[in-house]
Amino acid sequence: GTIPSLAWPIMAVSLVYGFYVAIWEPFNNYPLKRTSYLTSLADALFIMFWIIATGMANSPFFLLWYISIIAIAQRFTFVATVVTSIIYAVTYIVIVRSDIGYITSADMFLRVLYIPIVGVLAAFFSREFETQVEDKLRAKADRKSDVGDDSGGGGGEDTAPDNAENASVGTAPPAGS
């Protein structure tokens with residue numbers, strides 16, 4: 001069953017914590033890596049206690065592990081994401097196995113298995129997105145430097161339209177072209 005005496009304090013503390021992070025932005029005031037580790041740890045603890053308070057093995061909030069691991073993948077390396085996925089999976093197993101409620105082994109297996117799967121996929125997509133953004137920025141910088149070199153030292157400003165950003169996909173060229 002649920003534990004309302006635990007759920008209400010978790011909601012209150014997490015609300016205060018959420019406002020603190022949103023308003024005071026500790027990631028702008030402290031070293032980013034340390035802040036990321038602390039917020040990730042806090043998120044994991046809130047999820048763990050929330051699952052315990054809302055029914056342990058029967059809690060519908062096990063999906064929060066997946067959301068959290070996606071956020072981890074956005075902030076950390078591939079290895080850190082995989083390690084965190086494993087920690088989350090083991091934590092969830094401990095929570096479920098300590099519950100006297102009933103959950104089938106197949107249900108638990110799937111719930112736990114999806115934590116590292118989501119972690120690996122999120123880490124992969126995060127790195128791929130990062131690579132694509134870096135490639136586009138590098139290409140744009142190269143175009144700007146090429147235009148600056150061709151203009152005879154005219155300040156290096158890119159006055160040509162950026163066809164990759166301004167072109168509409170699937171449109172025909174203007175009539176008479």
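All values reported here derive from a predicted model rather than from experimental measurement.
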query = In terms of the angle between their ring planes, are Y92 and W65 parallel, tilted or perpendicular, with boundaries placed at 30° and 60°?
reply = perpendicular

request  = May I ask you to check whether over 12 heavy atoms, not counting those of Y66, lie within 6.0 Å of atom OH?
outcome  = yes

request  = State yes or no: do F124 and F129 share one hydrophobic cluster built from I, L, V, M, F, W and Y residues joined by side-chain heavy-atom distances below 4.5 Å, directly or via other members?
outcome  = no

inquiry  = Tell me whether D99 contacts the main-chain N or O of M56 through its side chain, where contact means a donor paired with an acceptor under 3.5 Å.
reply    = no

ask   = Between F19 and M11, is there a shared hydrophobic cluster once you connect ILVMFWY residues whose side-chain heavy atoms come closer than 4.5 Å?
value = yes

query = For L64 and W50, which heavy atoms make the closest approach, and how far apart are they?
reply = CD1-CD1, 3.8 Å

Side-chain donor-acceptor contact under 3.5 Å, T104 with D107 = yes

ask   = Looking at CD1 of I52 and OG1 of T2, how far apart are the two atoms once the value is rounded to the nearest 0.5 Å?
value = 13.5 Å

request  = Answer yes if L15 and F46 sit in the same cluster of Ile, Leu, Val, Met, Phe, Trp and Tyr residues linked by side chain heavy atoms under 4.5 Å apart, and no otherwise.
outcome  = yes

task = Could you pull out the closest heavy-atom pair between A73 and S126, with the gap in Å?
result = O-OG, 3.2 Å

query = Between D146 and R143, is the closest basic N to carboxylate O distance under 4.0 Å?
reply = no

query = Quick one: CD1 on I47 to CD1 on I10, what's the gap to the nearest 0.5 Å?
reply = 11.5 Å

Residues in salt bridge (Lys or Arg N to Asp or Glu O under 4.0 Å) contact with R75, at least two apart in sequence or another chain = D43

inquiry  = Grouping I, L, V, M, F, W and Y whenever their side-chain heavy atoms are under 4.5 Å apart, do F49 and V90 come out in a common cluster?
reply    = no

inquiry  = Suppose we screen for side chain to side chain donor-acceptor pair (under 3.5 Å). Which residues come up paired with S59, at least two apart in sequence or across chains?
reply    = T54

query = Rounded to the nearest 0.5 Å, how far does CD1 of I95 lie from CE of M108?
reply = 12.0 Å

request  = Indicate yes or no for a side-chain donor-acceptor contact from R111 to the backbone of A57 under 3.5 Å, with no hydrogens or angles considered.
outcome  = yes

Name the atoms and distances for all side-chain donor-acceptor pairs under 3.5 Å in residues 78-89, with sequence neighbours left out.
from : atom 1 : to  : atom 2 : distance (Å)
T81  : OG1    : T77 : O      : 2.9
T84  : OG1    : A80 : O      : 2.7
S85  : OG     : T81 : O      : 2.9
Y88  : OH     : S68 : OG     : 2.8

key: Verify same cluster id: L6, F62 (apolar side-chain graph, 4.5 Å)   = yes

message = Are the side chains of D135 and Q132 in contact, using a 4.5 Å heavy-atom criterion?
response = no

ask   = Considering all heavy atoms of both residues, which atom of I115 and which atom of I69 are nearest to each other, and what is their separation?
value = O-CG2, 4.1 Å

